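Working notes for the structure below.
We name chains A, B, ... by the order of the sequence lines, and we start the count at 1 in each one. As a basis for the values below, the full set of heavy atoms in this structure was taken, side chains included, without hydrogen atoms, waters or symmetry mates. Just so you know, these numbers come straight off a predicted model, no measurement behind them.
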Amino acid sequence: MHLSELQQIRLQKAEALREQGRQPYPLRASRTHTTEQALVRFAEIESTLPEGGEDPASVTLVGRVVSRRHQGKTIFAHIRDGHGEIQLYIRKDDIGEDAFEDVLKLVDLGDFVQASGNLFRTRMGEISLRVASHSMLSKALNAPPEKWHGLQDVETRYRQRYADLISNEDVRRVFRQRTTIIKTLRAYLDERDYLEVETPTLQPLYGGAAARPFTTHHNALDQTFYLRIADELYLKRLLVGGYERVYEITKDFRNEGIDRNHSPEFTMLEFYEAYADYDVMMGMVEQMIHAACVAVHGSSTFTYNGVEIDLTPPWPRKSLRQAILEGSGVDYVAHPDQAGLLAAARAAGGDIPDGTVWPRIVDELLKQFVRPYLMQPMFLIDYPVELSPLAKRKADDPTHVERFQPYVGGGEIGNAFTELNDPMDQYHRFLDQQKDREAGDLDAMQLDMDFINALMFGMPPTGGVGIGVDRVVMLLTDQPSIRDVILFPAMRNLPAEDTSEE
RNA sequence: GCCCCUCUAGCUCAAUCGGCAGAGCAGUGGACUUUUAAUCCAUUGGUUCAGGGUUCGAGUCCCUGGGGGGGCACCA
């Protein structure tokens, strides 16, 4: 293992501690207060102290050394724990020459230390700990990134998220907010008597979405399994079983391209409610996303990509047909054939390649003429049946299904239907998918006869929603890439390093 | 899969037309007993992503490969 000069110097300091009979990596730490509690404590008792007085009681704090300033026979340093930062004030007079020399010679930025002493307020007004004794908790061999600019290199930030988190407060904030958002979504459903469930990650057939799967093999069963691309078909089986409200927050896996909006593993929230329809589900979506925004920002509005967005419910609803008509001037219902719609789309200025099938042209019109302008929240509703093999047809228009997608900030954050519960209709739509599959469409859904069997036991009328949790987090934390809201994003392997000893 | 950009010290970044690889932070040595991007003096540190080519001379130009970013395609 090769160590840089800086690493070797730090390693020698660890050895020096051992030679003094002290541990660079002791078994245990003890602290009486977090940094946050210490700051609160002093603020509370300060009025009882004489002017410039110290807290008479001793406290013990722990944390990583994140900055320091030497000034002759005193040292100022900040330590950071999981709750905040506090300044240490170290005087040679207080701790003795040897201990002071230790801080100078053996403690580096990045080390975890423990310090005991009395709280006071400096002349500059900062609550600080006047250190009476200190010890090493963990010697860091890597120097932290540059103190002022932090870690900027995008590749290193993703590959070594730990270093990113150490040096970039914004990144720490984003992932805390991510947790707040997920907790809020979960609490919203829990409060409405939804049952949180777990369905298989390893599935013998993959379904519930159109995507290519990751494929794996179980040795003992000698059988192919697929990592789930969606939970949908299993959650619906639970509706058949009699649960009325179920949800799952979990990772889905799709073996597709990686870009700013797509990660091969991503977090999906799906929830299903018996005796509800897509209108009910729209009401829930706008409320829960709004609640998440309030939880993170304390407000119904937030800024995304420089645009102020207001999530106050209710969100406007517009049919896909109307939105495309307004955006492009094309009424796809007036062009039920591929050639006619292609010509109309191109006449409107659409960039659409030859041979694009009818439903894909509709999708392109949406993508090119509508989606980029949907900055404020809106539900697009009622999609052509060809685009939606798991959704229920509209009563007054069998060419369209009851489906909606919530759009915010120019992107979709979910997909939802009044769920198809007619087993024979579902069976025939699977067969249509099979035909596409045989024609070479690798994304077409597989025929799942067990799911048909479940529907034949009867599934109540149901509303169902899928929310792309990472997309919601990107939106509410104003992050441009899905990698910025996933702690350890998938990266290509680096070439193998030579680890042989010399 | 295709196109464009990018890779320099531990970190953040310079390096003019192809002409001695540099600074700040961090580190090391020193001064400084209320500082906070502390300050001041001195100083160490380089496979310029890898390999090849052109050239008197390559961080810089060319080729191949690798990592990363962006765009396209894919993602109904």
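- L3(A) meets the side-chain contact (heavy atoms from CB on, under 4.5 Å) test with M1(A), Q7(A), Q8(A), L11(A); sequence neighbours excluded.
- Remark: the separation of the C1' atoms in rA73(B) and rC11(B) is 37 Å, to the nearest Å.
- Side chain to side chain, D422(A) and Y427(A) fail the donor-acceptor criterion of an N or O pair below 3.5 Å.
- Using a 4.0 Å heavy-atom cutoff across all strands shown, L6(A) reaches at least one base atom of the nucleic acid.
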Give me the distances for all protein-to-nucleotides 73-76 of chain B N/O pairs that come in under 3.5 Å?
unit_1: rC75(B); atom_1: OP1; unit_2: D443(A); atom_2: OD2; d: 3.1
unit_1: rC75(B); atom_1: O3'; unit_2: A210(A); atom_2: O; d: 2.9
unit_1: rC75(B); atom_1: O2; unit_2: H262(A); atom_2: NE2; d: 2.2
unit_1: rC75(B); atom_1: N4; unit_2: K367(A); atom_2: NZ; d: 3.0
unit_1: rA76(B); atom_1: OP2; unit_2: A210(A); atom_2: O; d: 2.3
unit_1: rA76(B); atom_1: O3'; unit_2: R360(A); atom_2: NE; d: 3.3
unit_1: rA76(B); atom_1: O3'; unit_2: R360(A); atom_2: NH1; d: 2.4

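- Look at R159(A) and you'll find a side-chain N or O under 4.0 angstrom from OP1 or OP2 of rG68(B).
- E146(A) places a side-chain N or O within donor-acceptor distance of the main-chain N or O of W148(A), the cut-off being under 3.5 Å.
- Across every strand in view, rC2(B) sits in a pair with rG71(B) that passes the Watson-Crick or G-U test at under 3.5 angstrom.
- Taking side-chain N and O atoms only, K13(A) has a distance below 4.0 Å to OP1 or OP2 of rU28(B).
- Using a 4.0 Å cut-off, some side-chain N or O of R69(A) falls inside it from OP1 or OP2 of rA38(B).
- Within 4.0 Å of F120(A), counting heavy atoms only, lies at least one base atom of the nucleic acid.
- OP1 or OP2 of rG71(B) sits under 4.0 Å from a side-chain N or O of R260(A).
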Under 3.5 Å, N/O pairs linking protein and nucleotides 31-33 of chain B:
unit_1: rC32(B); atom_1: N3; unit_2: G72(A); atom_2: N; d: 2.8
unit_1: rC32(B); atom_1: N4; unit_2: G72(A); atom_2: N; d: 3.4
unit_1: rU33(B); atom_1: OP2; unit_2: K73(A); atom_2: N; d: 3.4
unit_1: rU33(B); atom_1: O2; unit_2: R91(A); atom_2: NH1; d: 3.1
unit_1: rU33(B); atom_1: O2; unit_2: R91(A); atom_2: NH2; d: 3.0
unit_1: rU33(B); atom_1: N3; unit_2: D93(A); atom_2: OD2; d: 3.0
unit_1: rU33(B); atom_1: O4; unit_2: D93(A); atom_2: OD1; d: 2.5
unit_1: rU33(B); atom_1: O4; unit_2: D93(A); atom_2: OD2; d: 2.8

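- For rG19(B), the paired base is rC56(B) (Watson-Crick or G-U wobble, both distances below 3.5 Å).
- The pair K13(A)-D111(A) does not count as a salt bridge, with every side-chain nitrogen at least 4.0 angstrom from each carboxylate oxygen.
- Annotated as anti: rC61(B), whose glycosidic dihedral deviates from 0 by more than 90°.
- A distance of about 25 Å separates the C1' atoms of rG22(B) and rU55(B), rounded to the whole Å.
- Salt bridge absent: R41(A) and E44(A) never bring a charged side-chain N and a carboxylate O closer than 4.0 Å.
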